[in-house]
Novice: 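There's a structure below that I have some questions on.
Just so you know, these numbers use all the heavy atoms, side chains as well, and skip hydrogens, waters and symmetry mates. Reminder, nothing fancy here: chain letters follow the sequence lines and each chain counts from 1.
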Protein chains: 2
Amino acid sequence: MSEKTIGRLSQYRRILKELLDQSLGNVYSHELARRAGVSAAQVRRDLMVVGYSGNPHSGYEIVALIKSISNFLDDSQVQRVALIGVGSLGRAILSQFAGNGTRLQITAAFDTSGNASSSVVTGCRCRPIEELEQVVQGEGIKVGLIAVSSTEAQAAADRLIEVGVLSIVNLTPASIQVPDYVHVENLDITMSVERAAFYARQRD
Amino acid sequence: MSEKTIGRLSQYRRILKELLDQSLGNVYSHELARRAGVSAAQVRRDLMVVGYSGNPHSGYEIVALIKSISNFLDDSQVQRVALIGVGSLGRAILSQFAGNGTRLQITAAFDTSGNASSSVVTGCRCRPIEELEQVVQGEGIKVGLIAVSSTEAQAAADRLIEVGVLSIVNLTPASIQVPDYVHVENLDITMSVERAAFYARQRD
DNA sequence: TAGATTGTTAATCGATTAACAATC
DNA sequence: TAGATTGTTAATCGATTAACAATC
């Protein structure tokens, strides 16, 4: 299963929810493709993996398709997520996830003792970093978001992996080294802006 | 020129600067590869495009290589960037770019009149959204960052493109439709976290 | 039915890696 | 020099798209 496919499924689901809000009942691959910015063949190919079939007459039934995608992507129960680093980026992420109604919940946020610790930020209790191991292990958290400074990224990853985290979103520009069994998503804002600037110059 | 190559060059430059801080004079492709998480062949292939040659004895001279990469990636003068949306994510980006010493500067930030407008956030003046056209056109800004809510993303993109922006970083989960000549970078944090959660579940 | 869309395979495309002669 | 690394091509790999019989 390709990483890109998983990402697109998440995107399709969001678009489908929008269509549902507009009181639409079904949708064709080309419409979904247009909105997601991919080809219709791609959409049909992606949707095959979630085990829901459309039909040539009416396309895909939106409600059933959302259910199938969610069934494929989501855990049957709430999945807890830990956030390391409650600076401005960490706060932004907390507020994005606060009550977003998915099965993903940031239940633990950590920062160095002096900082925002022992406070509550947009509904999430923020703890001193020293409690990381105990809380992550205690709650059985398997997903970690790293939003500390670049220099602290590797140390944060090491500590998370040590207590059982299997998947990490790295929001720093630093590349982190992890064992093969750990999944890493790199989300480097600075790099994206630099790349955007490069293309703006090229197209000028 | 592949988008991925541009991103990696930006990454190599950051790593090279780290190595320079450690008083190293030169570096081999495999060392750069290890730190960037790619193959040595990839590094050598990427470095060819910036027009700097290493040599079989001593590898790549760090100072000269940084200069070559910067010469390739950066504009000769300061490149101004506009930010739309000064919520928590917008503020996080502003603080990341405040005095980062590159040729990229966020010189204009916009938000709806009521919000943070007419204030100064981490060194950047924040203006009411109504002034967008005048300021972006006046300063000749070609790069825009969209950090508004999903529903407002398309409108923000349209307004930016209307006044000459050629490259956009879209930080919302919404996909935006743009003319062919405009470059878009999508940076969807929610999608990355969902994907990370999926893989955590798979590897458990 | 007629016609558009589906599921799915084959063809295409592009990016990554392996390999190696040239070279310091 | 000897040996490791470079620049660069060919081979591989994977992902995307084109195409089409099946189908509602």
Novice: Between A:F72 and A:Y52, does the ring centre distance come in under 6.0 Å?
Specialist: no
Novice: Among the candidates C:dT23, D:dC20, C:dT16, find the nucleotide nearest to the side-chain atoms of A:R44.
Specialist: D:dC20
Novice: So does A:S39 get a side-chain nitrogen or oxygen closer than 4.0 Å to the phosphate oxygens (OP1/OP2) of D:dT16?
Specialist: no
Novice: Between D:dT16 and A:R8, is there an OP1 or OP2 to side-chain N/O distance shorter than 4.0 Å?
Specialist: yes
Novice: Quick one: does B:S175's side chain have a donor or acceptor within less than 3.5 Å of a partner on A:R35's backbone?
Specialist: yes
Novice: Look through every strand shown and name the nucleotide pairing with C:dC13 as Watson-Crick or G-U wobble, where both distances are under 3.5 Å.
Specialist: D:dG14
Novice: Taking pairing as Watson-Crick or G-U wobble with both contacts under 3.5 Å, can you name the mate of C:dT8, or confirm there isn't one?
Specialist: D:dA19
Novice: Hey, which sits more toward the 5' end of DNA chain D by its nearest nucleotide, B:G59 or A:A41?
Specialist: B:G59
Novice: Would you call A:R159 and A:E162 a salt bridge, using N to O less than 4.0 angstrom?
Specialist: no
Novice: Please state how far atom CD in A:E61 lies from atom P in C:dT6, giving the value in whole angstrom units.
Specialist: 14 Å
Novice: Rounded to whole angstrom units, what separation is found between the CD atom of A:Q42 and the P atom of C:dT8?
Specialist: 16 Å
Novice: Expressed in angstrom and rounded to an integer, what is the separation of A:N26 atom CG from C:dA4 atom C1'?
Specialist: 14 Å
Novice: Just how far, in rounded Å, is P of C:dG7 from CG of A:L47?
Specialist: 8 Å
Novice: Going through the checks in order, is the salt bridge (charged side-chain N to carboxylate O under 4.0 Å, His left out) test met by A:D74 and A:R13?
Specialist: CA-CA 12 Å; A:D74 296 341; A:R13 177 166 60 176; 2.9 Å; yes
Novice: Are A:Y60 and C:dG7 close enough that a side-chain N or O sits under 4.0 Å from OP1 or OP2?
Specialist: yes
Novice: Where the side chain of A:R45 is concerned, which of D:dT17, C:dT17, C:dC24 is the nearest nucleotide?
Specialist: D:dT17
Novice: Would you say a side-chain N or O of B:Y28 is under 4.0 Å from OP1 or OP2 of C:dC24?
Specialist: no
Novice: Once you round it to whole Å, what is the distance between P of D:dT6 and CG of B:D46?
Specialist: 14 Å
Novice: Between B:S68 and B:N71, is any side-chain donor less than 3.5 angstrom from a side-chain acceptor?
Specialist: no
Novice: Hey, which sits more toward the 5' end of DNA chain D by its nearest nucleotide, A:V38 or B:G54?
Specialist: B:G54
Novice: Report yes if at least one side-chain N or O of B:H57 is closer than 4.0 Å to OP1 or OP2 of D:dT6; otherwise report no.
Specialist: no
Novice: Using a strict 4.0 Å threshold on nitrogen-to-oxygen distance, state whether B:D75 and B:R103 make a salt bridge.
Specialist: no
Novice: In whole angstrom, what separates A:Y52's OH from C:dT8's P?
Specialist: 15 Å
Novice: When we call it a touch if two heavy atoms are under 4.0 Å apart, what does A:S53 touch: a base, just sugar-phosphate, or nothing?
Specialist: sugar-phosphate
Novice: Paired with D:dC24 by Watson-Crick or G-U wobble geometry, both distances under 3.5 Å: which nucleotide is it?
Specialist: C:dG3
Novice: Base, sugar-phosphate alone, or nothing: which one does B:S29 contact when heavy atoms must sit under 4.0 Å apart?
Specialist: sugar-phosphate
Novice: Between B:H30 (NE2) and C:dT17 (P), how many Å, whole number?
Specialist: 17 Å
Novice: Can you tell me the distance, in whole Å, between the NZ atom of A:K4 and the C1' atom of D:dT17?
Specialist: 14 Å
